[in-house]
Amino acid sequence: MKIIEKISEMKNLIRSWKEKKLRIALVPTMGYLHEGHLSLVRKAKALGDKTVVSIFVNPLQFGPKEDFREYPRDLERDKALLEKEGVDTVFVPLAEEMYPSNFQTYVEVTQLTQGLCGAFRPGHFKGVTTVVLKLFNIIEPDWAIFGEKDYQQLKVIQQMVKDLNLEVKIIGCPTVREKDGLAMSSRNTYLSSEERISALSLYKALNLAEELIKRGEKESKEIKKKLKELISSFPYTQVQYIELVDPETLEPVEKVEKPILCALAVWVGKTRLIDNKIISP
Ligand code: PAF
């Protein structure tokens, strides 16, 4: 398995693969890999002749008060996990090369980024789309694989690819959960053992939403109220948002008459967790 830091070196390798007509699948990550990432890697391996995993904690997508500095990092462990999966190349670019001091070009998806996480993390998706476009330009993948846990991110990237006529095919993969249902996230490592119990409130709330909708509840307002009560009954929690939205436009839905996306962001202590589920009436 090759570890590449330099953009020019990565581009040379890609050129040699393209000359041999090899097809490339990319898994962009910020490292501190868990089973969720590894499920994306397995999907990539099944699709492409060559698999590239990028590891880059992208400073551009963190707000000034967010956890860029604390974000967990363990490159040695990540490399060992990827080696075991049979990944061809790990691309670990340096921030100085990705964003030299005169960097001044950004890409922004304007509408899909307004609600949900976008409303609370100004500039976040602009940072995501900018780095993902740079990775696409460096690696020229035929496929790029993303987790559905970051559902809004997946939609925003699909929109960018469509709007900018990129060739890459975007593949979404289902959220991988711990045995008890907690969605896997690198940020789960921040949770104390008491907070870990409260973190399960997101999964429980999504299940409650499904149960209410299956029982015939149509009013978003009612559903959101009940979910908020459930989450708030767990210590250390602070709901940031509970939304029922159209899964394509991400616009809020008042009455549940077709499949909706129920999306949550909850602070558990100092850790912000998100989760979501598509629910059909
Ligand atoms: O989902 C992530 O880990 C990041 O947002 C991504 C897509 C790697 C861009 O930095």
Side-chain angles (χ1 to χ4, degrees), residues 4-5 7 10 24-41 43-44 51-63 66-75 77-78 81-82 87 89-95 97-99 103 105-109 112-113 116-118 120-139 141 143-161 164 166 168-176 183-190 263 265 271-276:
I4 296 183
E5 282 189 356
I7 295 173
M10 191 68 232
I24 302 161
L26 168 67
V27 182
T29 81
M30 299 206 300
Y32 212 73
L33 306 175
H34 49 66
E35 265 308 307
H37 295 111
L38 299 182
S39 76
L40 309 182
V41 169
K43 181 72 190 177
T51 308
V52 179
V53 176
S54 65
I55 299 181
F56 180 59
V57 185
N58 173 33
L60 217 58
Q61 70 189 73
F62 289 80
E66 293 185 356
D67 57 341
F68 174 66
R69 276 166 187 281
E70 301 88 64
Y71 198 83
R73 293 159 170 91
D74 190 342
L75 191 55
R77 184 174 152 273
D78 289 347
L81 288 168
L82 296 175
V87 164
T89 299
V90 186
F91 180 49
V92 195
L94 302 171
E97 219 198 340
M98 287 295 268
Y99 304 119
F103 185 86
T105 306
Y106 300 86
V107 56
E108 190 164 19
V109 173
L112 284 170
T113 57
L116 306 178
C117 293
F120 295 93
R121 302 187 70 189
H124 166 69
F125 286 113
K126 183 173 159 187
V128 170
T129 41
T130 300
V131 80
V132 168
L133 183 57
K134 280 175 70 76
L135 292 168
F136 287 175
N137 285 335
I138 295 164
I139 295 160
W143 299 272
I145 330 292
F146 296 87
E148 288 170 357
K149 204 207 94 192
D150 295 300
Y151 187 92
Q152 187 175 20
Q153 168 172 282
L154 176 62
K155 285 286 149 194
V156 165
I157 290 166
Q158 282 171 339
Q159 188 71 40
M160 171 181 79
V161 164
L164 299 182
L166 306 182
V168 58
K169 282 181 221 54
I170 303 300
I171 312 289
C173 286
T175 302
V176 177
M184 288 201 186
S185 163
S186 306
R187 289 187 170 100
N188 291 348
T189 184
Y190 297 146
T271 308
R272 182 179 175 277
L273 300 177
I274 59 172
D275 203 348
N276 69 77

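Atoms considered below: every heavy atom in the structure, side chains included; atoms not considered: hydrogens, waters and symmetry mates. In each ligand, atom 1 is the first atom listed, and ligand 1 is the first ligand listed. We number each residue from 1, following the sequence as shown.
A donor-acceptor pair under 3.5 Å links the side-chain atoms of R73 to the main chain of R69, judged by distance alone. A side-chain donor-acceptor contact under 3.5 Å links S186 to the backbone of Y32. Formation of a donor-acceptor pair under 3.5 Å by the D150 side chain with backbone atoms of I274 is not found in this model.
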Show every donor-acceptor pair shorter than 3.5 Å between a side-chain atom in residues 55-63 and any protein atom, with sequence neighbours excluded, or say none if there are none.
unit_1, atom_1, unit_2, atom_2, d
N58, OD1, L60, N, 3.3
N58, OD1, Y99, OH, 2.6
N58, ND2, Q61, OE1, 2.8
N58, ND2, G127, O, 3.0

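Using a 4.0 Å cut-off between heavy atoms, T29 contacts ligand 1 through its backbone alone, with no side-chain atom that close.
Of the N or O atoms in N58, none lie within a sub-3.5 Å distance of an N or O in ligand 1. Of the polar atoms of Q153, at least one N or O is found under 3.5 Å from an N or O of ligand 1, judged by distance alone.
With hydrogens left out, the protein atom closest to atom 3 (O) of ligand 1 is M30 CG, 3.6 Å, a heavy atom. For atom 10 (O) of ligand 1, the nearest protein heavy atom (residue, atom name, distance) is Q61 OE1, 2.6 Å.
With rounding to the nearest 0.5 angstrom, the CZ atom of R272 is 7.0 Å from the CD atom of E66. Interatomic distance, E97 CD to K134 NZ, rounded to the nearest 0.5 Å: 8.5 Å.
Against a heavy-atom cut-off of under 4.0 Å, P28 is close to the following atoms of ligand 1: 8 (C). Short contacts between ligand 1 and V131, defined as distances under 4.0 Å to a heavy atom of the residue, involve ligand atoms 9 (C), 10 (O).
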